[in-house]
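Throughout, a chain's letter reflects where its sequence line sits, starting with A, and its residues are numbered from 1.
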Protein chains: 2
Amino acid sequence: MATAGNGRDPVMADVARVAGVSHQTVSRVLNGLPNVKPATHERVVAAIEELGYHRNSSARALATRRSQVLGVVAFDTTLYGPASTLLGIERAARQAGYFVSIVSLTAITRETIREALDYLAEQSVEGCIVIAPKRAAVEALTGLRGPRPLVAVEGGVAPDLPVVCVDQAAGAHQITRHLLDLGHRTVWHVAGPRDWLEAESRVAGWRGALEEAGAAVPEYAHGDWSPRSGYEIGRTLAARPDITAVFVANDQMALGVLRAMGEAGRRVPADVSVAGFDDVPEAEFFSPPLTTVYQDFGEVGRRGISVLLRLLDGAAEPAAHAPIEVVPTRLVLRSSTAQAPDPT
Amino acid sequence: MATAGNGRDPVMADVARVAGVSHQTVSRVLNGLPNVKPATHERVVAAIEELGYHRNSSARALATRRSQVLGVVAFDTTLYGPASTLLGIERAARQAGYFVSIVSLTAITRETIREALDYLAEQSVEGCIVIAPKRAAVEALTGLRGPRPLVAVEGGVAPDLPVVCVDQAAGAHQITRHLLDLGHRTVWHVAGPRDWLEAESRVAGWRGALEEAGAAVPEYAHGDWSPRSGYEIGRTLAARPDITAVFVANDQMALGVLRAMGEAGRRVPADVSVAGFDDVPEAEFFSPPLTTVYQDFGEVGRRGISVLLRLLDGAAEPAAHAPIEVVPTRLVLRSSTAQAPDPT
DNA sequence: GCCCGAGTTGTGAGCGTTAACAATGTAGCT
DNA sequence: AGCTACATTGTTAACGCTCACAACTCGGGC
């Protein structure tokens, strides 16, 4: 823990002096370059240890023109999905030797996204990942001047923008099909908010499954992802005895629907089946345990980084179309769905 | 969008040339220093706009010896609590003009924390916040060489370490008192994992309230915060009809307890009252809606940053004892708690 | 007309690192 | 012994910015 004598942090020159070599040799050791005699190497390492030296990343970044920082723009990281994606991103980035700098948005508008990207640009990030679940976000992104390369995650396809997303439509299709297979005439839907790409894809998947099966496509309402909105929509659904199956666009809203059904005296799954989407950790412990669709948020984050790194490496961006990676979903069957009740 | 002519990003000198001034004047404009003639200021701004110039933060950091980056070490950011705290930290830091670099740990040990701090030190952070909910973390922190200043958040008190935390004990006391006031003979407890400071404080608060009231202090089991563990412990609790009130150390485990009670045919709150801790957004929509204790995670994050900034400013660290900030809790009464049933 | 001071602008030297190149030393060969 | 080839080390100049200071302007008072 010996300090450099005077107050300031030790720099490479200090290490060099202590080890009796030039600063360049220290640099070589630090960067693992070849052609350093073992004995020298050892002396340098000892000096580094003795002084408690560590490299000044700003100077390094300045000289190499690489900041080693990746930017992340996120939205409502308090939710399970974004939080998990963020975690995946952070882990993958660190493993690849990058730092991660994040900006959380309170609202997604062209303006806030612009600001966030400018802010990250100020930090000289080498690339950016934007968790962009809303249509507005994807639109804001295209043709915006800002840090490159840029990859969108959890967003919908966009021209000229590399994207990684979960196969929402397939998941919704899958679970709707499941409900239909259980003998339900049709399946009602509680959708996510308008403008959210995930919500739209889930509607599309649901509608598709219904149409394929020749089932009627009922009206549906939009919630805002919160349990409360699910509860409110759930109450109107619970009031109609002809409804025997509901696919809710996320688990939190499904929780609200479950409660509404319970209050109205409709038993789940005996009278009505309810299914969710996301498979949050709590879903297994709802009453009853929720049938839902698992999506691997962490994988989305990891692939996002992997695409970004590829772009960072690759000489030029792929000419024709931006790469699109799709992460599959998985049906999780539990006890909130069952055979349709006998029509009496 | 005019580029500097050749390929590379424009630098201050380019702006200076275009505006017909010296690089120093550009710097002055950029930093909002006084004594720049309005006309000059305008020319510089125009040049910046024209070139799409933005400051190279590495060079700036090198020259000023300030990286403008704050490090955050977090643990399981997928949970509502840490995620909210992280959000509070990020917002507050950005507002103060700092960037935030985060490291998420998979496990909290002396070793992983050391690594995380080393990693952040490599990035020349100006200070660190560690979200350290476990005893091991706080211990690992004291007397560890690494980036300074350092503040711990959500951890327990530690010597020589500034800390911001929620008044867990008071919250636990409050809710136990509430249950007692409803006429319950005593209150059972489902604790969080050993080694977690929050869990320990909640046990202490619960025990204190019981002792003050002269109530018996029952045995209690440790869960792991997950709904599943709550469910498992809940089953043994549900099997004993003499138990009429349970205080569960967090909402997720309370969810599991709720389910166990339901399965065992014990009605909540008619037969048994159940209370949680945290007030996650879903708690209001459990069946029944959960009485719980609200804690302001965001505020913890904000205060953490505020303490850190004060330390960064202040000449020296406060001599005697490290500052400790305590964030209060608030009781949230819903329908999972009620009068004790008539003892028949 | 000249000098002074405040307001404005320019100059040069770092900040701590890496990159390019020059200068050693050291074997191995003829 | 003399030379070459290679391994090892040192030297110098960027990288793009801020800081300290020097050098100009331009009025007003004598």
Practice task
Can you run down the ring pair (Phe, Tyr, Trp, His ring centres under 6.0 Å) pairs that involve residues 28-61 of chain A, sequence neighbours left out, and say none if there aren't any?
Solution key: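 Every pair satisfying ring pair (Phe, Tyr, Trp, His ring centres under 6.0 Å) with a residue in residues 28-61 of chain A: there are none.
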Practice task
Mind jotting down which residue pairs meet the ring pair (Phe, Tyr, Trp, His ring centres under 6.0 Å) criterion with at least one end in residues 85-126 of chain B? Sequence neighbours excluded, please.
Solution key: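 Residue pairs passing ring pair (Phe, Tyr, Trp, His ring centres under 6.0 Å), neighbours aside: A/Phe99-B/Tyr119, A/Tyr119-B/Phe99.
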Would you say [X]'s side chain and [Y]'s backbone share a donor-acceptor pair under 3.5 angstrom?
| X | Y | value |
| --- | --- | --- |
| A/Arg302 | A/Gly88 | no |
| B/Thr112 | B/Ala107 | yes |
| A/Asp313 | A/Arg310 | no |

Practice task
Considering just the side-chain nitrogens and oxygens of B/Ser27, establish if one lies under 4.0 Å of OP1 or OP2 belonging to D/dT18.
Solution key: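 Answer is yes, contact under 4.0 Å.
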Practice task
State whether B/Thr40 places a side-chain N or O below 4.0 Å from either non-bridging phosphate oxygen (OP1 or OP2) of C/dT9.
Solution key: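 Checking C/dT9 against B/Thr40, a side-chain N or O does come within under 4.0 Å of OP1 or OP2.
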Handout entry: Least distance between heavy atoms, B/Asn56 atom then B/Ala59 atom
Key =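 Distance-wise, the nearest heavy atoms are OD1-N, 3.0 Å.
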Find the distance [X]:[atom1] to [N]:[atom2] and express it as a whole number of Å.
| X | N | atom1 | atom2 | value |
| --- | --- | --- | --- | --- |
| A/Met12 | C/dT18 | CE | C1' | 8 Å |
| B/Leu30 | D/dG16 | CG | P | 15 Å |
| B/Arg55 | D/dC15 | CZ | C1' | 17 Å |

Protein N or O to nucleotides 10-13 of chain C N or O, pairs below 3.5 Å:
unit_1: C/dG10; atom_1: OP2; unit_2: B/Ser22; atom_2: N; d: 2.8
unit_1: C/dG10; atom_1: OP2; unit_2: B/Ser22; atom_2: OG; d: 3.1
unit_1: C/dG10; atom_1: OP2; unit_2: B/Thr25; atom_2: OG1; d: 3.0
unit_1: C/dG10; atom_1: N7; unit_2: B/Arg28; atom_2: NH2; d: 3.0

Test of understanding: with side-chain hydrogen bond (donor to acceptor under 3.5 Å, both in side chains), list the residues that count as partners of [X], not counting sequence neighbours.
| X | value |
| --- | --- |
| A/Gln68 | none |
| B/Asn31 | B/Ser27, B/Arg55, B/Arg60 |
| A/Ser67 | none |
| A/Ser58 | none |

Practice task
Name every residue in residues 56-67 of chain A that has at least one heavy atom under 4.0 Å from any atom of DNA chain D, in order of residue number, or write none if there are no such residues.
Solution key: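 Only A/Leu62, A/Ala63, A/Arg65 qualify.
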Produce the list of close N/O pairs, under 3.5 Å, pairing protein atoms with atoms of nucleotides 4-7 of chain D; give distances to one decimal.
none

Show me the protein contacts with nucleotides 22-27 of chain D, counting only N or O atoms at under 3.5 Å.
none

Problem - Angle by which the axis turns from one end of the helix from C/dG1-D/dC30 to C/dT30-D/dA1 to the other, five pairs per end, to 10 degrees - result: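 Axis-to-axis angle, ends of the helix: 60°.
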Exercise for the section: Report the residues that fulfil side chain to side chain contact (heavy atoms under 4.5 Å, CB included) with A/Ser84, sequence neighbours left out, ordered by chain and then residue number. Expected result: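 Side chain to side chain contact (heavy atoms under 4.5 Å, CB included) check on A/Ser84 returns A/Tyr80, A/Phe297, B/Thr78.
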Problem - side-chain contact (heavy atoms from CB on, under 4.5 Å), paired with A/Leu70, selected from A/Ile129, A/Ile305, A/Val125 - result: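 For A/Leu70, the side-chain contact (heavy atoms from CB on, under 4.5 Å) test succeeds with only one of A/Ile129, A/Ile305, A/Val125, which is A/Ile305.
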